[in-house]
Amino acid sequence: MIQTVEKIFREYFPIPEERKKTILLVEDEAIIALSETQRLKKNGFRVISAYSAEEAVQIATNDYTIDLVLMDIDLGREEDGTDAAVRILKTRDIPIVFLSSHIEPEIVEKTEKITSYGYVVKDSGETVLIASIKMAFKLYESHLRLKRSEESLKENQELLKATLRSIGDGVISTDELGNITDMNYVAETLTGWSRIDAIGEPIERVFKIVNAKTKRRMRNSVDVLIPKEKNMGLDNQALLISKSGSEHRVAESSAPIRSEKGYTIGSVLVFRDISKEYSLLENIKESETRFKTVANAAPVMIWVSGLDKKCNWFNQTWLNFTGRTMEQEFGDGWAEGVHPKDIEECIQIYSSHFDQREAFSMTYRLKNKNGDWRWIQDNGLPITNESGIFTGFIGSCVDITEAKEALETLAKDLHEREYLYTELQHRVKNSMSMISSIVEIEASRSSDAKLENTLENLVNRIHSVGNLYEMLSTSNNSHSVRLDRYIQKITENLLNAFKEKTKEISLQLDLNDLEIDVKSAIPLGLILNELVTNIFKYAFPKKQEGKISIRLFKEESWVNLVVSDNGVPFPKDFRTDYSPGLGLQLVNMLVDQLKGKIEWKLYGEKEVSIRFCNREEHSDQFTFIKS
C-alpha cells in the first residue's frame with residue numbers, strides 16, 4: 001500500500017507533545033504528599049516531592065525544570081515553608097502557592113508579603129486546588145510579560161539617553177505647554193543652562209534667539225509649532241543668546257510629539273552651532289566676490305564650470321567679446337559661438353580632459369560680437385577645494401588671431417627660405433661639379449705630367465668639398481653633417497679616381513657615428529683627401545698589394561681620426577714639419593685651423609693620428625649619434 005506523505009512525515013518526524021508543567025510539592029507528611037501527588041498527576045502535572053525546607057530549597061534552586069512550588073507552611077522542623085520560600089525567591093523568580101491548614105489572618109498576611117500567587121487551605125477540594133494552581137500560572141505569565149515590557153522600556157530609555165548624549169546637535173523636548181521636559185549635553189553647553197535648572201522652564205526663556213542683524217527678539221519654531229502642528233525652521237540669521245550672554249549662530253528645526261491617538265503632547269527642538277560654517281560661508285562669498293572683481297578686470301576671457309560639465313560663470317571680458325548675456329552663455333550656450341568645423345573637436349577635448357581631471361590647451365574659432373571668427377587659445381585647469389575634492393574646471397581664453405596669422409606667414413617664409421637654401425646647395429654642388437669637370441678636361445689635354453698631377457689633385461679636392469654640399473642638399477640639416485658618412489663619400493670618390501692603382505689595395509673603415517658642424521667638416525674632408533691621395537700615389541708602387549685603414553672614434557673630450565697603411569716607408573729625408581709640396585703644408589695648416597694635434601708614426605706600419613679637442617669653445621662642435 002502506498003503511504004501518504006503526511007503518514008511518512010509523522011512516522012519519521014513525530015510532533016513532540018507539549019511539555020507537562022512540573023510542580024515541586026513540599027509536604028512533610030508522606031501520606032498527604034502521596035495523595036496530593038496523585039491528584040496533581042491526574043490533572044496533567046509532573047510532580048517532584050520534597051519533605052523538608054532544606055530539601056525544597058536545594059531542589060528549587062538547582063532544578064530549572066520546576067515551574068511552580070506548592071509549599072506547605074508547617075514542615076515540622078526549625079524552618080517552615082515561608083522561610084524556604086524566601087530563600088528560593090532570592091535565587092529564582094518562580095510562582096509559589098502556599099498549601100496549609102492554617103486560616104489565621106496573621107499567617108495568611110505573612111505569606112502575602114512573600115508572594116502573591118495564592119494561598120490554598122488544605123481539604124478545600126481538588127477543584128479549588130487545581131484552579132488556584134492554574135491562576136498562579138496565569139499570574140506568573142502576566143508577571144513575566146510585564147517584566148519584559150519594563151525591561152524593554154528601560155532599554156529604550158537608556159538607548160534614548162545614550163543617543164541624546166552622543167548626538168552632535170542640541171536637543172530640547174517640551175510638553176504641550178512649551179515647558180522643557182528634557183535636554184541633552186550639547187543643548188546645555190549652547191544655552192548655558194543645566195538640565196536640572198532648565199526642566200520645567202518655558203522654552204523661550206532657555207532657548208533665546210535674536211536676529212543676527214537687527215538684534216530683535218525672534219520667535220522660536222516651537223512657539224509657532226504648537227497651534228499649527230508644523231515643522232518650521234529658522235534661517236541662518238538666528239543668533240542664540242546663552243545664559244552667560246555669549247552668542248552662537250544656530251540653525252534649528254522642530255517637530256511635534258504625538259500620542260498613539262495622534263494628539264500633540266509636546267515638541268522636540270533640534271539645533272546646532274553653525275558659527276564656523278557661517279563664517280566659512282561668508283569667507284567663501286567674500287572670496288568669490290573678490291575673484292569675480294579681479295576676473296572681470298582681467299584682459300583675458302575666463303569661464304568656470306561645475307561637476308556637471310556645464311559652464312556657470314563667465315567674466316565680463318568674455319561677455320564683451322561675444323556680445324552675449326551671462327544667461328545666454330550658461331550651460332552649453334557658449335558652444336553656439338564656436339565655429340561649426342571646430343565644435344566637435346572642442347567638445348571632445350573638453351569632455352575627455354574633464355573626465356580625467358587633467359589640464360588641457362586647445363585652439364578654436366569663436367564668433368565675436370561683430371560676427372567675425374577669431375582664433376582662441378583656451379587653457380583649462382581642474383579646480384579642487386581645500387580638502388582636495390574636485391569641484392569643476394576654470395579656463396582662460398586669449399584671442400590669438402593676429403599671432404596665428406603671423407605664425408602662418410613666418411612658416412610660409414621659412415618654407416620658402418628652406419627651398420632657396422636647398423636650391424643654393426644644389427647649385428653650389430652643380431657649380432663645383434662643373435669646375436671639377438673643366439679641370440679634368442684640362443688635365444687630360446696637358447702634356448706636362450707635373451701639371452697633370454697637380455690638376456688631378458685639384459679635382460680630388462674639389463670633389464671633397466662637393467661631396468659635402470651634396471650631402472647638405474639631400475638632408476634637412478643645414479648646420480651639421482655626419483662625419484662618418486662624409487668620410488665614406490670621400491673614400492669612394494678617391495677609389496674611383498685611383499681605380500687602376502687600387503685593385504690590389506683593401507680599404508678598411510672603422511667609423512663611429514659622429515655629427516660635426518659644417519664649418520669644421522670642410523677642413524677635415526680636405527685633410528683626409530690629402531692623406532689618402534698620398535697613400536694611393538706613393539705607398540704601393542707597381543700595383544703592390546696592401547691595405548689602408550681609417551678609424552674615427554672619440555676618447556673623453558678628444559675626437560680621433562687615424563689613417564694608416566702597410567705600404568713602403570716614408571723617404572729617409574721625410575719631414576713632418578716641412579714639405580715643398582702643397583699637400584703636407586695644407587694638412588698642417590688645416591689641423592692648426594681646427595686647433596688640433598697631429599702625430600706621425602714613420603716606421604713599420606705608417607700611421608697619421610689627428611686629434612681634435614671637444615671642449616670650451618668647441619663643446620658643441622662634435623656630437624656622437626646613436627646608430
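- The 12-atom threshold is not exceeded at NZ of Lys208, counting heavy atoms of other residues, nucleotides or ligands nearer than 6.0 Å.
- Across all non-hydrogen atoms, the minimal contact from Pro382 to Phe393 is N-CE2, 3.7 Å.
- Environment of CD in Gln348: crowded, with over 12 heavy atoms of neighbouring residues, nucleotides or ligands closer than 6.0 Å.
- A salt bridge does not link Lys367 to Glu336: none of the charged nitrogens lies less than 4.0 Å from a carboxylate oxygen.
- Heavy-atom contacts from other residues, nucleotides or ligands closer than 6.0 Å to CG of Leu146 number more than 12.
- Side-chain contact check for Phe330 versus Gln328: every heavy-atom pair is 4.5 Å or farther apart.
- Take His353 and apply the ring-ring contact (aromatic ring centres under 6.0 Å, His included) test, not counting sequence neighbours, and it matches Phe360.
- In the displayed structure, Lys213 atom NZ is contacted under 6.0 Å by at most 12 heavy atoms of other residues, nucleotides or ligands.
- Checked by atom type and distance alone, the side chain of Asn179 never pairs as donor or acceptor with a backbone atom of Asp175 at under 3.5 Å.
- Side-chain contact between Met362 and Cys346 is present, with at least one heavy-atom pair separated by less than 4.5 Å.
- Among Thr181, Asn184, Asp182, the single residue meeting the side chain to side chain donor-acceptor pair (under 3.5 Å) criterion with Ser173 is Thr181.
- If you take CZ on Arg482 and CG on Leu511, they are separated by 10.0 Å, rounding to the nearest 0.5 Å.
- Heavy atoms only, all atoms of each residue included: Asp399 and Arg374 are closest at OD2-NE, 2.9 Å.
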Legend entry - Test side-chain contact (heavy atoms from CB on, under 4.5 Å) applied to Arg357 and Thr384, step by step: CA-CA 10 Å; Arg357 313 291 195 255; Thr384 56; over 6 Å; no
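- Rounding to the nearest 0.5 Å places CD1 of Ile610 at 5.0 Å from CD1 of Ile527.
- Closest non-hydrogen pair, Leu239 versus Glu247, comes out as CD2-OE1, 3.4 Å.
- Judged purely by distance below 3.5 Å, without hydrogens or angles, the side chains of Asp197 and Ser194 pair a donor atom with an acceptor atom.
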Inset, instruction - Take Phe390 and Phe354 through the test ring-ring contact (aromatic ring centres under 6.0 Å, His included) and record every step on the way to the result. - result: CA-CA 10 Å; Phe390 173 73; Phe354 192 101; 5.3 Å; yes
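- Here the CH2-CD distance, from Trp318 to Glu329, works out to 6.5 Å after rounding to the nearest 0.5 Å.
- For the pair Arg217 and Glu204, the minimum side-chain heavy-atom distance is below 4.5 Å.
- The minimum heavy-atom distance between Leu240 and Leu190, with the atom names listed, is CD2-O, 3.7 Å.
- Seen from the ring of Trp558, Arg611 counts as a face-on cation partner, given the 6.0 Å and 45° thresholds.
- Taking both residues in full, the closest heavy atoms of Val186 and Gly170 are given as CG1-N, 3.5 Å, listed atom of the first, atom of the second, then distance.
- Taken from CD1 in Ile550 to CG in Asp484, the straight-line distance is 12.5 Å, to the nearest 0.5 Å.
- Side-chain contact between Lys595 and Phe612: absent, with no pair of heavy atoms (C-beta onward) separated by less than 4.5 Å.
- The CG atom of Leu509 sits 8.0 Å away from the CD1 atom of Ile487 when rounded to the nearest 0.5 Å.
- In this structure, Trp334 and Tyr364 have tilted ring planes: the angle between them lies in the 30° to 60° band.
- Rounding to the nearest 0.5 Å gives a distance of 9.5 Å between CD1 of Ile347 and NZ of Lys309.
- When side chains are defined from C-beta on, Asn296 does not count as touching Thr317, because their heavy atoms never get closer than 4.5 Å.
- Remark: the backbone N or O of Gly371 is paired with a side-chain donor or acceptor of Asn368 at under 3.5 angstrom.
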Inset, instruction - Check the pair Asp93, Lys147 against salt bridge (Lys or Arg N to Asp or Glu O under 4.0 Å), reporting the backbone distance first and the verdict last. - result: CA-CA 11 Å; Asp93 181 13; Lys147 186 177 180 181; 3.6 Å; yes
Inset, instruction - Walk me through it: do Gln377 and Ser361 pass the test side-chain hydrogen bond (donor to acceptor under 3.5 Å, both in side chains)? - result: CA-CA 7 Å; Gln377 177 73 42; Ser361 180; 2.4 Å; yes
Legend entry - Derivation and outcome, side-chain contact (heavy atoms from CB on, under 4.5 Å), residues Trp303 and Ser396: CA-CA 7 Å; Trp303 54 267; Ser396 61; over 6 Å; no
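- In this structure, Val562 and Ser609 approach most closely via the heavy-atom pair CG2-OG, 3.8 Å.
- Contact of the Glu201 side chain with the Trp193 side chain is registered, since non-hydrogen atoms from C-beta on lie closer than 4.5 Å.
- Residue Glu402 places its CD atom among more than 12 non-hydrogen atoms of other residues, nucleotides or ligands, all under 6.0 Å distant.
- Looking at heavy atoms from C-beta onward, Arg365 lies out of side-chain contact with Ile376 at the 4.5 angstrom threshold.
- Partner of Cys397 under the side-chain contact (heavy atoms from CB on, under 4.5 Å) criterion, out of Asn379, Thr363, Asp378: Asp378 alone.
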Legend entry - Audit row: Trp373, Leu366, side-chain contact (heavy atoms from CB on, under 4.5 Å) steps and yes/no: CA-CA 5 Å; Trp373 295 108; Leu366 187 67; 5.8 Å; no
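- The shortest distance between side-chain heavy atoms of Val563 and Arg551 does not fall below 4.5 Å.
- Ion pair Arg145/Glu150 not flagged as a salt bridge, since none of the NZ, NE, NH1 or NH2 atoms sits closer than 4.0 Å to an Asp/Glu carboxylate oxygen.
- For Asp273 (side chain) and His248 (main-chain N/O), no donor-acceptor pair under 3.5 Å exists by modelled atom type.
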Inset, instruction - Decide yes or no on side-chain contact (heavy atoms from CB on, under 4.5 Å) for Ser305 and Cys311, but give the supporting numbers first. - result: CA-CA 4 Å; Ser305 64; Cys311 290; 4.3 Å; yes
